[in-house]
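Quick notes on the structure that follows.
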Protein chains: 2
Amino acid sequence: MLKKERHDFIMRQINLHNRVLTSDLVQLLNVSEDTIRRDLQELVDENLLYKVHGGALSKSYHSSFDDSTVYARDSKIAIGKKAVQLIKDGMVVLTGGGTTILEFVKLLPQGLSATFFTISPLVAVELAKYNNIEVILIGGLFSKNSQVTYGGQVITQLSEIKADLCLMGTSAIHPEEGLTDTYWEINQLKKAMLACAKRTGVLCISEKLDIALRLRVCPIESISYLITELDVEHESLSRYREKELNIL
Amino acid sequence: MLKKERHDFIMRQINLHNRVLTSDLVQLLNVSEDTIRRDLQELVDENLLYKVHGGALSKSYHSSFDDSTVYARDSKIAIGKKAVQLIKDGMVVLTGGGTTILEFVKLLPQGLSATFFTISPLVAVELAKYNNIEVILIGGLFSKNSQVTYGGQVITQLSEIKADLCLMGTSAIHPEEGLTDTYWEINQLKKAMLACAKRTGVLCISEKLDIALRLRVCPIESISYLITELDVEHESLSRYREKELNIL
DNA sequence: CGCGTTTTTGCGTGTTTTTGCAATAAAATA
DNA sequence: TATTTTATTGCAAAAACACGCAAAAACGCG
């Protein structure tokens, strides 16, 4: 293998996973540690990555580290970790869009082998970083606000899918009113998504609890899992515990 | 064996495997290392490949390790500016993916009112920033390498579209061989894209000129506009000027 | 044809690049 | 602190490379 090819390989790994371990590269590329170290040093000289003890980091990673632009990022990561537990090898999963789902995707285990349908381009791009995940992007009109595809075509395609699990973010959830939304199109979309999955998980930061908006998506009983960043025993969730749904 | 034959052989190997080792060529062609090295140097002078220690690499093999640092960004912006001139209010445009297209999208005028179909999630997200552009994302299997949707479903959907203009990036273009590609799926995809647009523009940085890969997408005559970062009168384009296509 | 010129090719020689190893230093971990 | 893991440095061997040279072949032209 040529040096340039090795460099390209390393850069691909870095851009894919934002980080790379020297020891992993040694195995993957089947060369000595010294060679990898020299490679990394040369890439540093070309200003393409950061070198740290044990491996290297992507440059864009550092800039996206102060990515505090994502509102309540810590909470969303906590939710993501819980949601990951629902995913098993071989599953067919349907996801919506939103920053919470995005954080969830970033937390999936590397080796996971599964099929993901999604209406969110950004989620698709993130999912594509996993080698063993098949990604199907559902196409249609693209919403400027919610950054997902919507409209009749999307709903038609959804009707042809049978997923094991549907994961979606939420605008509002209420113990009596269930899942609600403000926009007609998004409302229709969520109904269609619910309809094609055996079970549904709702990812919901605590501040969206106990809110009801104009349009009803589904009653609370239609939801299988409610996933928040709060402890399962937290009192804010007491009124949801009475209902027939699993709280994570 | 004549020198020209050797050169052709080397280029075939390169386009087939994206790389070639000096030592392999020595064996295959049964000549001395020096001859191979001279050959490679001459091919470099003709701008047909990259020479590296140990062999040579294809020019089209510019692995997508550009996340933050888009390769040849200036050139791509120059191309984008030219491509923008083709877009008029009310048009229906179909675009592929790739960094060149992405730069083009960023350069569109704010007020533009048009309809864009695209197979690239990233392009869709970028297009969504324009208020008066309707964005339709064509869904299907999502390719981890090229970051676009592909496969039967995409092609079916494309067949239902009638676009005024199709804009695509390119892996390789050659005055005689036309547009070519390495992967079957992408090849099929590009054919389908061409078929549904009245006119086609190819965005092509100059280093992709005069390269022919394994699979033919279309002859050069099927292209309406060739858009490079070079001046229209540049000599590298002379062999394309003889053909029936507009050069921007 | 003859003769000078150019092109092509391989060889020898010295240089540079690449790579792994060993010894030592530094950092992380327990 | 002790131990393990990771880095650094210098060194040496192998591989790849560049350059000049010369023989052979191809070419041009009177």
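So you know, we letter chains A, B, ... as the sequences are listed, proteins then strands, and number each from 1.
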>> With side chain to side chain donor-acceptor pair (under 3.5 Å) as the criterion, how do A:T95 and A:T118 come out once you've worked through the C-alpha distance, each side chain's angles and the decisive distance to 0.1 Å?
In response: CA-CA 5 Å; A:T95 86; A:T118 183; 3.0 Å; yes
>> Using side chain to side chain donor-acceptor pair (under 3.5 Å), reason through A:D89 and A:S113 one step at a time and then give a plain yes or no.
In response: CA-CA 5 Å; A:D89 259 31; A:S113 156; 4.7 Å; no
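Ion pairing of B:D210 with B:R239 is present here, as a side-chain N (NZ or NE/NH1/NH2) and a carboxylate O approach within less than 4.0 Å. Checked for salt-bridge contact, B:R38 and B:E42 miss the test: no charged N lies under 4.0 Å from a carboxylate O.
Boundaries of the chain A contact region on DNA chain C are C:dT18 to C:dA28, first to last in 5' to 3' order (nucleotide atom under 4.0 Å from a heavy atom).
Applying the side-chain hydrogen bond (donor to acceptor under 3.5 Å, both in side chains) test between A:D164 and each of A:K88, A:R199, A:K198 identifies A:K198 as the sole match.
Other residues, nucleotides and ligands place no more than 12 heavy atoms under 6.0 Å from the CZ atom of A:R19. Crowding of B:K81 atom NZ: a count of heavy atoms from other residues, nucleotides or ligands under 6.0 Å not exceeding 12.
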>> Protein within reach of the bases, or only the backbone? For nucleotides 2-14 of chain D, mark each nucleotide 5' to 3' as B, S or -, using heavy atoms under 4.0 Å.
In response: ----SBBB-----
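A:K4 forms no cation-pi arrangement with B:Y50, by the criterion of a distance under 6.0 Å to the ring centre and an angle within 45° of the ring axis.
Of the residues near DNA chain C, A:T35 and B:K3, the one whose nearest nucleotide (by heavy atom distance) lies more toward the 5' end is B:K3.
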